[in-house]
Protein chains: 2
Amino acid sequence: MAIHHDLTSLAHECADCPIRHRAVCARCEADELARLEQIKYYRSYQAGQTIIWSGDRMDFVASVVTGIATLTQTMEDGRRQMVGLLLPSDFVGRPGRLTAAYDVTATTDLVMCCFRKKPFEEMMASTPHIAQRLLEMTLDELDAAREWMLLLGRKTAREKIASLLSIIARRDVGLKKGPAQGSIVFDLPLTREEMADYLGLTLETVSRQISALKKDGVIELEGKRHIIVPNFDALVEQAGDDNDGGFLV
Amino acid sequence: MAIHHDLTSLAHECADCPIRHRAVCARCEADELARLEQIKYYRSYQAGQTIIWSGDRMDFVASVVTGIATLTQTMEDGRRQMVGLLLPSDFVGRPGRLTAAYDVTATTDLVMCCFRKKPFEEMMASTPHIAQRLLEMTLDELDAAREWMLLLGRKTAREKIASLLSIIARRDVGLKKGPAQGSIVFDLPLTREEMADYLGLTLETVSRQISALKKDGVIELEGKRHIIVPNFDALVEQAGDDNDGGFLV
DNA sequence: TCCTTCGCTTGATCTGCATCAAGGCCGATC
DNA sequence: GATCGGCCTTGATGCAGATCAAGCGAAGGA
């Protein structure tokens, strides 16, 4: 894995950009990369493992290399809301804050590329480029969070499910294309319960709505997790979005 | 109004910081301020006026000086979700994007301090300080958005109302203190319908829950908008938050 | 002065999703 | 191959909040 791959979220080459929807390519500046290279290290986690507990001291920032992680908030009585889904290339952690604000959990086996916070912050201070790139990424995440607020506040259960499926499909697209023209195939990286926590529903409702979408021919399932979308536009229509646009997760 | 006041959100003095919960004070750097001073201008809006429509070309970024604005998203069928509340010192607009992603509306009479985007971006490129400050503010907003996701996805109507009231109270605190020890007094800057759009409820439910909180002695009303909170902790308890902490709106 | 409008409240009813409960599928373990 | 536990589905029932509907009070305009 080349140096650039580890740092995709901070600076990557335009040529063979492996990251969709993050395609704000930065000029690769060799010395920045070299310096980042010096302060980075890798960590692996198993599926289900909690990476950071909300409130924990957090002395690194990181970017997801492979696998999927989630950010969740929990109320005292146990109600849970997922507030972020971290796919490869996504960034975790916040320069200038001591403790984590959310639980971060690996939902699949996961590899993260970590940077110790202190040196990372020092680099940021001396390298305007990085702060700007990070600002852009954060603004994208903010847009995604606000899109999600619309979903949580106003969409029906069916629309919520369709939205989630189309988001996952979009992030996966290009990797896996279905056999039939225009069809899309992917594996759900989340359990029904995790989907429920993301969508502000119960797992029973998630299950029922998936069954309903299947009955109506919007999706097909193989097993519990393998999804086939014969007609992506039909799915998007179920999601109730006015634009097909910039969902970023 | 001194120069610093106009630029509170970008750089303000620590001494008499008028802004709560944004208190990450930056060193005032005279030349930055002078340059910002050259590219800024003011705009006033009347209550109810739409400042920007989603999709409009947006050639400025701005910071709220006085008054309150909202960010809302609307679905084709008219369902609306407010995704941000802009109080004095809050920042609107995003460097590096051509069009607005949300409707921005003045809910009270409003004055904004605008910076034409092009020169602002140029300044940002040459002044690392500003990008970093903006990054910090954006991260705060992201945290607030995620806190709001928990509210939208998992809280009951009563908890939603109590949360909103305590957020408004927190941002207003210091300006108005109630007569009785520990009591807080403020005016609601939003109509019931706007509150409903923020909370993912209907205006009827908002009205009912406010009545319920009043009946239970958690709040008192004078007229429709003037709120007295005799015991702030009691209100926070109704909000169901585990920490009394960093709600930022 | 009356009339209209806007923001709000309150009541009656409906419904989408939560809750409670039972059982099926499948991979892991012995 | 039997058993267990995690994950999922499906059914029955309940309830919080939506929807539909009526009316109030204050501000503003004719």
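All chains are named by letter (A, B, ...) in the order of the sequence lines, taking the proteins before the strands, and each is independently numbered beginning at 1.
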Q: Closer than 4.0 angstrom, basic N to acidic O: yes or no for A:R79 and B:E159?
A: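 Result for this pair is yes, salt bridge flagged.
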Q: Please state how far atom CD in A:E222 lies from atom P in C:dC25, giving the value in whole angstrom units.
A: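 Rounded to the whole Å, the gap is 18 Å.
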Q: Hey, does B:G200 reach any base, or is it just sugar-phosphate, or nothing, if we go heavy atoms under 4.0 Å?
A: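 Sugar-phosphate contact only - B:G200 comes under 4.0 Å of backbone atoms but never of a base.
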Q: Is A:T138 reaching over with its side chain to a backbone N or O of B:T138, donor-acceptor style, under 3.5 angstrom?
A: no
Q: Can you tell me the distance, in whole Å, between the CG atom of A:L199 and the P atom of C:dC17?
A: 12 Å
Q: How long is the line joining NE2 of B:H226 and P of D:dA26, in whole Å?
A: 17 Å
Q: Does the side chain of B:T205 get closer than 4.0 angstrom to OP1 or OP2 of D:dA18 through an N or O atom?
A: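 Answer yes for this pair, as a side-chain N or O of B:T205 is under 4.0 Å from OP1 or OP2.
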Q: Whether B:K224 and B:D187 form a salt bridge (side-chain N of Lys/Arg under 4.0 Å from carboxylate O of Asp/Glu) is what I want to check.
A: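 The answer is no: the pair does not qualify as a salt bridge.
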Q: When the nearest nucleotide of DNA chain D is assigned to A:R154 and to A:G223 on a heavy-atom basis, which residue is associated with the more 5' position?
A: A:G223
Q: Output yes when B:D241 and B:K155 qualify as a salt bridge under the 4.0 Å nitrogen-oxygen rule, no when they do not.
A: yes
Q: Would the base of C:dC20 count as contacting A:E204 through its side chain, where contact means a donor and an acceptor less than 3.5 Å apart?
A: yes
Q: Specify the separation, in whole Å, of atom CD of B:Q209 and atom C1' of C:dT9.
A: 13 Å
Q: To the nearest Å, how far apart are A:K215 NZ and D:dT10 C1'?
A: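 Spelled out: NZ on A:K215 to C1' on D:dT10 is 13 Å.
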Q: Between B:S211 and C:dT10, does any side-chain N or O lie under 4.0 Å from OP1 or OP2?
A: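 For B:S211, the contact criterion (side-chain N or O under 4.0 Å from OP1 or OP2 of C:dT10) is met.
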Q: Which of the following nucleotides, C:dC17, D:dT9, D:dG17, is nearest to the side chain of B:T156?
A: D:dG17
Q: Please state how far atom CD1 in B:I210 lies from atom C1' in C:dC8, giving the value in whole angstrom units.
A: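 Taking atom C1' of C:dC8 as the reference, CD1 of B:I210 is at 10 Å.
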Q: Would you say the base of C:dG16 and the side-chain of A:R208 have a donor-acceptor pair closer than 3.5 Å?
A: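 Answer is no: no donor-acceptor pair is held.
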Q: How many Å lie between CG on A:L201 and C1' on C:dT19, as a whole number?
A: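 So the CG-C1' distance, A:L201 to C:dT19, works out to 14 Å.
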Q: Which part of the nucleic acid, if any, lies within contact of A:T202, taking any heavy atom under 4.0 Å across all strands shown: a base, the sugar-phosphate backbone alone, or nothing?
A: base
Q: Distance check needed: D:dC8 C1' versus A:D197 CG, whole Å only.
A: 15 Å
Q: Is A:S207 near enough to D:dC8 that one of its side-chain N or O atoms lies under 4.0 angstrom from OP1 or OP2?
A: no
Q: Just checking B:R158: base, sugar-phosphate only, or nothing, at a heavy-atom cut-off of under 4.0 Å?
A: nothing
Q: Hey, which sits more toward the 5' end of DNA chain D by its nearest nucleotide, B:K224 or A:R192?
A: A:R192
Q: Base, sugar-phosphate alone, or nothing: which one does A:R79 contact when heavy atoms must sit under 4.0 Å apart?
A: nothing
Q: Can we say A:D77 and B:R154 salt-bridge, meaning some charged N sits less than 4.0 Å from an Asp/Glu carboxylate O?
A: no
